[in-house]
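What follows is one structure encoded as structure tokens, with my remarks underneath.
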Amino acid sequence: MNEEIRQQKMQNIAELRELGIEPYPYRFSKTHSSAKIKEEYDYLEASETKEDAILSTAGRVVALRHHGKSAFFVLKDDSGRIQAYIRKDSVGDENFKLFKKHISLGDFVGIEGFPFRTHTGEMSIYVQKFEILSKAIRMLPEKWHGLKDKEIIYRQRYVEMLSNDEALERFKKRFELLRLTREFLNQRGFMEVETPILHSVTGGASARPFITHINVFDVDMYMRIAEELYLKRYLVGGFERIYEIGKNFRNEGISYKHHPEFTMMEVYQAYADYEDMMELTEALISSVVEKLTGGTVIEYQGKEIDFSRPWRKVKMRDFIKERLGVDILEDSDEALLQVLESHDNIPEIKERGHLIEKLWDLVEDELVAPTFVLEHPVIISPLAKKHRNDPRVTERFELVINGMECANAFSELNDPVEQYKRFLHQAGLRDAGDAEAHMMDMDFVRALEYGMPPTGGLGIGIDRILMFITDSPNIRDIIPFPLVRPVSFTEEELATEQASEKKEE
RNA sequence: GACCCGCUAGCUCAGCAGGCAGAGCACUUGACUUUUAAUCAAGGGGCCGAGGGUUCGAAUCCCUCGCGGGUCACCA
């Protein structure tokens, strides 16, 4: 970074200490957020003051305009921005000199004063006292264009948050979504539970896991790829309505819709089936979308997406047959492969399940509005119950929005013998080189042998839903601290080291 | 993993027929007591991502590497 500016900042801090002013003090009594001030004194007319309403607020200085014997500055806090006005005759000569010399863009400042509205109508605080709360050494990104460098945005998200107001709002929406989801489920009588993240056998999804090592047992373990199998153990144990919101880890590629570490919400309801889960999905997602965007029709990357209920339902078999002319239940492997070849989309593993998944991928993009895709074949659904009317398919659905899979649910398979057979088939695929096939989980089979009630289960990809709500083109935009390739910090260390030596002097 | 694009001041970006490294904001100094992308005057600031090559001369052309972005492939 700019060494000259850094030196100036360090010099500035040293001077403050000489004046007996601590640049990093301990606390400040903040009575009002910026938003609260604007709300509470909204009635003030232009040029009107409210001198008897002494209040205090604090935030980061994000704009500063000196005018000789007065100055305007803007404090940013987590509710917004508020302008402050300071003048020589309001704080005294000494304090004003201190302000001019030692308050810079980027610093945290606490102020006390009263609200007023300027001639031009801007709600402001007339500063009577101010206090340095934390000095910044680094310079803020440009005020007008904001921060645009994707590398800084992803690697130093805090810089994006502090400089681009939109970023703070985007992440507030993320946590608001989590809050609303919990509220919705709690209201329906679901209890939030937790399951392990370190698994000796991991399952519940088709994915490559991360491998880690536990020293006390001296064995490798997996980071979970799904919460599913442990949540169902709760059902065996006697819980009836549970959910978990947590991180899953999949050691696979990164794309605009894939991130190795992502947030999944899974819900399980005893005595329910996939139809009930469909109702739950529709109700939950349309409710949070409406609360967070203010409507049921959203604009996503210039495209209109309508979340109004009820959502469209298509059977996987029918949709593929309609678009590609091939029947995934009746036609031979060769016939399926032929269609894939004609679309230049040949899977590495030529097993029937993979062929079906590949065929689906070809048509999935056509679904823009939220659509339930129903009745996946048994072969690609090792944890779902067979359909009550057709043993070739399962009672399962996936929710597709704008070509992206956002939820997955089924009437949970609870027949232990059947589950064992399904695992065996998957184990066969693993042996044949499919690294994403499910692992045999004998403890889970044993759990089912004790009896699990008929259960509806549902998983929702929280990040993807959030992409639509915030109109974000890339999943990394709504993951606060996305995975980045590690880099060295030699330059940063050197600069800080020099500063620390200077401080010792 | 393959292909394409990018990397120049703290930030946003020019400069790429090869010829002294630029602007705006930010920073420093000064003026200014209702500004809001404040204004005015003066000034400082660069390993042009790294390394190698071509050339009298490279930010600019070529090669290798690093980091990032996008598209495709695998995956939710």
Side-chain angles (χ1 to χ4, degrees), chain A residues 1-9 11-12 46-47 49 62-74 81 83-91 96 100-101 104-106 116-124 126 136-155 159 163-164 204-208 225-226 248-260 262-264 344-349 354 357-358 361 364 398-401 403-408 434-436 459-465 473-476 484-488 491:
Chain A
M1 79 181 272
N2 191 315
E3 198 47 39
E4 182 202 1
I5 290 167
R6 197 185 176 87
Q7 289 306 325
Q8 282 164 7
K9 297 278 187 186
Q11 184 60 34
N12 199 273
S47 305
T49 61
V62 291
L64 180 57
R65 296 179 287 275
H66 284 284
H67 290 273
K69 296 183 184 63
S70 74
F72 285 91
F73 57 103
V74 177
R81 292 165 179 245
Q83 178 173 266
Y85 177 55
I86 186 168
R87 36 194 291 161
K88 197 172 183 176
D89 57 18
S90 71
V91 293
F96 192 73
K100 268 179 98 161
K101 175 89 178 143
S104 319
L105 237 40
F116 74 107
R117 217 182 263 283
T118 63
H119 296 326
T120 48
E122 177 91 20
M123 179 70 75
S124 308
Y126 191 98
I137 293 172
R138 289 181 184 254
M139 288 197 293
L140 262 39
E142 211 244 3
K143 63 184 172 188
W144 190 239
H145 299 93
L147 181 67
K148 288 187 171 175
D149 187 331
K150 282 276 187 0
E151 184 153 5
I152 301 178
I153 285 174
Y154 292 142
R155 283 187 187 275
V159 180
S163 79
N164 301 358
S206 301
R208 275 170 216 256
I225 56 174
N248 287 341
F249 307 88
R250 300 188 184 176
N251 205 344
E252 291 166 350
I254 295 177
S255 79
Y256 74 95
K257 58 178 171 180
H258 297 94
H259 193 263
F262 66 103
T263 300
M264 176 88 112
D344 210 23
N345 191 14
I346 302 143
E348 283 169 34
I349 301 167
H354 283 83
E357 305 245 15
K358 278 284 184 184
D361 287 345
E364 190 176 36
E398 286 186 306
L399 172 66
V400 176
I401 305 172
M404 221 172 10
E405 187 192 324
C406 292
N408 185 19
D434 182 353
E436 285 154 20
I460 294 179
I462 294 290
D463 307 283
R464 290 184 172 181
I465 299 298
N474 194 308
I475 195 167
R476 303 171 106 197
V484 287
R485 191 178 289 274
V487 291
S488 86
E491 274 178 47

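So that the names make sense, note that chain A is the first sequence line, chain B the second, and so on, each numbered from 1. All values below come from the heavy atoms of this structure, side chains included, with hydrogens, waters and symmetry mates left out. Note that the structure is a prediction, hence the values are computed from the model and not measured.
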Base, sugar-phosphate, or nothing: which does [X] touch, judged by heavy atoms less than 4.0 Å apart?
X	answer
A/D344	nothing
A/H259	base
A/R485	sugar-phosphate
A/L140	nothing
A/F116	base

**Distance below 4.0 Å between A/R138 side-chain N/O and B/G10 OP1 or OP2** = no
**Presence of A/R65 side-chain N/O under 4.0 Å of B/A38 phosphate oxygens OP1/OP2** =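 Yes, such a contact exists.
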**Asked** So which nucleotide does B/C61 pair with, by the Watson-Crick or G-U wobble rule with both distances under 3.5 Å?
**Response**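 Base-paired to B/G53.
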**Message:** Pairing check on B/U39: which nucleotide meets the Watson-Crick or G-U wobble criteria with it, both distances under 3.5 Å?
**Reply:** B/A31
**Prompt:** Between the base of B/U34 and the side chain of A/E122, is there a donor-acceptor distance below 3.5 Å?
**Reply:** no
**Asked** Any N or O donor-acceptor pair linking the side chain of A/D89 to the base of B/U33 at under 3.5 Å?
**Response** yes
**Request:** Please report, rounded to the nearest Å, how far the P atom of B/A38 is from the NZ atom of A/K69.
**Result:**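 Those two atoms, NZ and P, are 21 Å apart.
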**Euclidean distance, atom NZ of residue A/K143 to atom P of B/A26 [Å, nearest integer]** = 4 Å
**Asked** If you check the A/Q8 side chain, which of B/C13, B/U28, B/G44 turns out closest?
**Response** B/U28
**Asked** Side chains of A/Q83 and A/S124: donor-acceptor distance under 3.5 Å anywhere?
**Response**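 Their side chains do contain a donor-acceptor pair, which is all the 3.5 Å distance test asks for.
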**Request:** Indicate yes or no for a side-chain donor-acceptor contact from A/N164 to the backbone of A/L147 under 3.5 Å, with no hydrogens or angles considered.
**Result:**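 Judged by distance alone, yes, a pair lies under 3.5 Å.
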**Request:** Kindly confirm whether the side-chain ring of A/H119 is stacked on the base of B/U34, judged by centres under 5.5 Å and planes under 30°.
**Result:**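 Per 5.5 Å and 30° rule: yes, stacked.
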**Item:** Taking every non-hydrogen atom, the tightest pair across A/K100 and A/G68
**Value:**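 Reported closest heavy-atom pair: NZ-O, 3.5 Å.
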**Message:** Please report the interatomic distance CZ(A/F73) to OH(A/Y85), rounded to the nearest 0.5 Å.
**Reply:**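 Going from the CZ atom of A/F73 to the OH atom of A/Y85 covers 12.0 Å.
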**Prompt:** What form does the base of B/A38 take, syn (within 90° of 0) or anti?
**Reply:** anti
